[in-house]
Amino acid sequence: MGWTRKHLLGLEGVGRDEIVAILDAAAKFREILDRPVKKVPTLRGITIVNLFFEPSTRTRMSFELAEKRLSADTLNFSASTSSVKKGETLRDTARNIEAMMVEMVVMRHPSPGAPHFLTHHLDASIINAGDGPHEHPTQALLDLFTMRERIGDLEGKRVTIVGDILHSRVARSNIWGLTALGAEVTLCGPTTFMPVEIEKMGARVSTDIHEATADADVVNVLRIQRERQEGGFLPSLREYTDLFGITAERVADMRPDVVIMHPGPINRGVELAPDVADGDHSVILDQVTNGVAVRMAVIYLLSMVRAVERVEESEILAEVGL
Amino acid sequence: MRKILITGGRVIDPATRTDEHIDVLLADGRVAEWGTGIEIGDEAITLDVDGAVVAPGLVDMHVHLRDPGREDEETIESGTAAAAHGGVTAVAAMPNTEPAIDTPSWVEYVRSKETPVAVYPIAAITVGREGKNLSGMAELARAGAVAFSDDGSPVAGPTVMRRALEYASMVGLPIISHCENLDLTGAGVMNEGLASTLSGLRGIPAAAEEVAVARDIILARTTGAKLHIAHVSTAGSVELVRRAKEDGIAVTCETCPHYFSLTDDDVRSYDTNLRVSPPIRSAADLAAIKVGLADGTIDAIASDHAPHSIEEKQVEFDAAPPGMIGVETLLPITLTNLVQSGTVTLERAIELLSTDPASILDIPHGTLETGSRADVTVFDPDWAWEVTADWFRSKSKNSPFIGRTLQGRVILTISEGKIVFEENSTAGNDSGEAQAEGEHRPEELPVHA
């Protein structure tokens, strides 16, 4: 199977074979999504909680749809309407939810390491749906899937990630996944958005958008959050757009078959010009569709690991006569 | 009070440049006599420590006893019992309690408890540790404060710090500075470096400490006052202190065991017991700290013992309060990571843990010289053991060293002539009189009454 992990906390340390196993499984689920009946009974009876401590529409919807397509029972928890407002700790929240006998938890949380913390306190499988600026593995996997769909094997391919690398979990997970698959990664953005020693992750750093994108097979454009200007990272959004915005003019200087990606939601006219977002090079909506298939694959593989554990457990119990 | 004769040990007393296999006689709370073949009468007990090291009682110049205010985490009694367990016979208690130690009556409160080891209050630099108005340093000194510090909350204003140094020099006590520029720290929770980049946790640059160290050194030069820099953690700070000392500025500094034992890469586990202020730094910083300890730039090793409840620490990493306990592991970690590794000699380690901090605070500890206070720590430098949560006597268990193996362990602590900790003795039954009755006698310490 190639996949033996109980949790998906990040892509750091996840090997090429494991990533390929997920992407291959995702390809099969992607076919299901094109069928008139887009649902399989695979996870009937399995309960999954979507534990969201941060507002998120698209990631939560994508997970929820993936869970429903697999026939799992799903519960949604969002911090804004919950006991968190009454001061409950993460540990208590999680343990209360687990007491309802759930098999899997999908968590989005603003604190890096929050999903790792959960693994110490819960028996459920944990999927990290974004922990602060740390990792967002399923986003990176759907990016890899979409790239592979467009340009084939990523070995030796050039991928440039543009924008706010410092605050980006998408960037970190992408770097791990891309380097595992043998791609050459370039990071491009203002110096205030470059985390220290990021090049030690195996990526090249550039502050020149033309140079960084000229030979790229893929340009992955990150969202620039408007509050960064107030944080003193940027003099103005206008200057950011001037230096790093992906415009039709800049795309014209790139390879003719360059693929433009964006994890969404887009700040149109800031990091990405509207005509590029909607243009021929853009695969942004494919990313959204593929996201459901990739999340189905991740949930499926993690639940298979749990099923194997359960079988082993029942064999042990049978041996001792229970 | 009975006399105690400690025999069979290797006596190391840096203050008198002693390193000999001799016997030490304690009488009336004082060191009475050294030598071999000391004659004792019936009123003395003999402790044969069989090859262990006999050192002056350790002085931990930086502990948080949480009392008053957070007695659920530590009390003056529990913190000093933990100190005795760690071979520490004098602690200097930081004033960031609730309320802060900023009046003579609170200084007296800290000194008023029946404790197994000596407690020296450090009083606040500013009223309420708010960084605004100077505390009544003269009356605080008169009440028994040994230094001033707003530890935990750096004095942000350079003018306030300048006045504090000037005023403290009149009173004759040092200022202990928690050097941190909070603006540079921002929302950071760990060292800024590759590890923070990979973990996604917000970084605290070394500059946040070094900018403040540089400022306070310059102010110490301006005022001529005695400045002691708390918990030095970066290579840059070590270099700044080294140059200041070369320039003849009256500056001393301490570091803590975690800064020469752990690196920011360890913090990638998101173990909240590794969240500490200043943060655990890089491998290069750790190496520079070791050099500073060996070459005399760093004067003392202190624990920065900071108890926190399990509830406070069992949260997301960036929601956890900074701090780890350490008064009990001060010596074993130093032996394991400095002495065993050959960074410093045993004698230098004892100097860093006892002689020099006593001298910085000008308190009557840190030597076994005849006539001095009978504070003695006996330890087995070769005993390898695994740290467990149960082993600690502190009320709190927030140590990242739980589960690690350390080499070296305290087997006997004597404070002012009384046995306050003896290996294999039961907690809370550590008075010298009870021990002399022959209960809980460990095999390691045969006693011939």
Side-chain angles (χ1 to χ4, degrees), chain A residues 9-13 53-54 79 84 87-95 107 109-121 128 130-137 165-173 175-176 179 187 192-203 205 231-233, chain B residues 183-208 210 234-236 263-275 279-285 308-322 389 398 400 402-403:
Chain A
L9 304 178
L11 290 191
E12 180 182 4
F53 291 87
E54 221 178 45
V84 175
E88 191 175 56
T89 63
L90 172 60
R91 181 169 173 270
D92 284 339
T93 301
R95 285 170 64 92
M107 185 165 79
H109 197 286
S111 295
H116 308 67
F117 175 83
L118 275 201
T119 63
H120 299 308
H121 297 286
N128 181 4
D131 59 333
H134 179 222
E135 286 229 43
H136 191 0
I165 313 295
L166 180 64
H167 300 97
S168 179
R169 48 186 167 230
V170 177
R172 283 171 180 76
S173 291
I175 297 168
W176 291 125
T179 51
L187 307 173
T192 47
F193 277 163
M194 281 300 159
V196 295
E197 302 188 40
I198 186 84
E199 63 285 350
K200 289 189 181 160
M201 286 180 78
V205 173
F233 290 96
Chain B
D183 189 53
L184 279 167
T185 296
V189 296
M190 74 171 289
N191 184 49
E192 182 180 277
L194 179 62
S196 67
T197 291
L198 296 182
S199 69
L201 291 167
R202 286 189 210 226
I204 301 171
E210 292 158 6
T234 79
T263 67
D264 54 359
D265 198 51
D266 296 312
V267 181
R268 298 203 55 212
S269 66
Y270 300 104
D271 175 359
T272 54
N273 288 334
L274 292 166
R275 181 162 181 206
I280 290 162
R281 302 288 186 178
S282 70
D285 292 307
H308 285 291
S309 67
I310 290 170
E311 286 70 30
E312 280 189 338
K313 283 287 194 180
Q314 220 169 50
V315 294
E316 299 88 320
F317 190 90
D318 51 14
N398 53 307
I402 291 169

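Worth saying up front: this structure is predicted, and the values here are computed from it rather than measured.
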Quick one: which of A/R172, A/K200, A/H120 has the most heavy-atom pairs under 4.5 Å with chain B, could you say? A/R172
Heavy-atom cut-off 4.5 Å, strictly under: side chain, backbone, both or neither for B/R268 against chain A? side chain
What are the two closest heavy atoms between A/E197 and B/L194, and how far apart are they? O-CD1, 3.3 Å
Pick one: which of A/I198, A/I165, A/L166 meets side chain to side chain contact (heavy atoms under 4.5 Å, CB included) with B/T197? A/I198
State, to 0.1 Å, how close B/L198 and A/W176 come at their nearest heavy-atom pair, and which atoms those are. CD2-CZ2, 3.5 Å
When rounded to the nearest 0.5 angstrom, what is the spacing between CD in B/E312 and OG1 in A/T89? 12.5 Å
Interchain contact, A/E12 with chain B, by part (heavy-atom threshold 4.5 Å): side chain
Assess, by modelled atom type and distance only, whether the side chains of A/H134 and B/Y270 contain a donor and an acceptor separated by less than 3.5 Å. yes
Which heavy atom in A/P112 sits nearest to a heavy atom in B/G200, and how many Å separate them? CG-O, 3.1 Å
Does any heavy atom of chain B fall under 4.5 Å from the side chain of A/H167, the backbone, both, or neither of them? neither
Give, for atom CG of A/D92 and atom CD of B/E311, the distance between the pair rounded to the nearest 0.5 Å. 9.5 Å
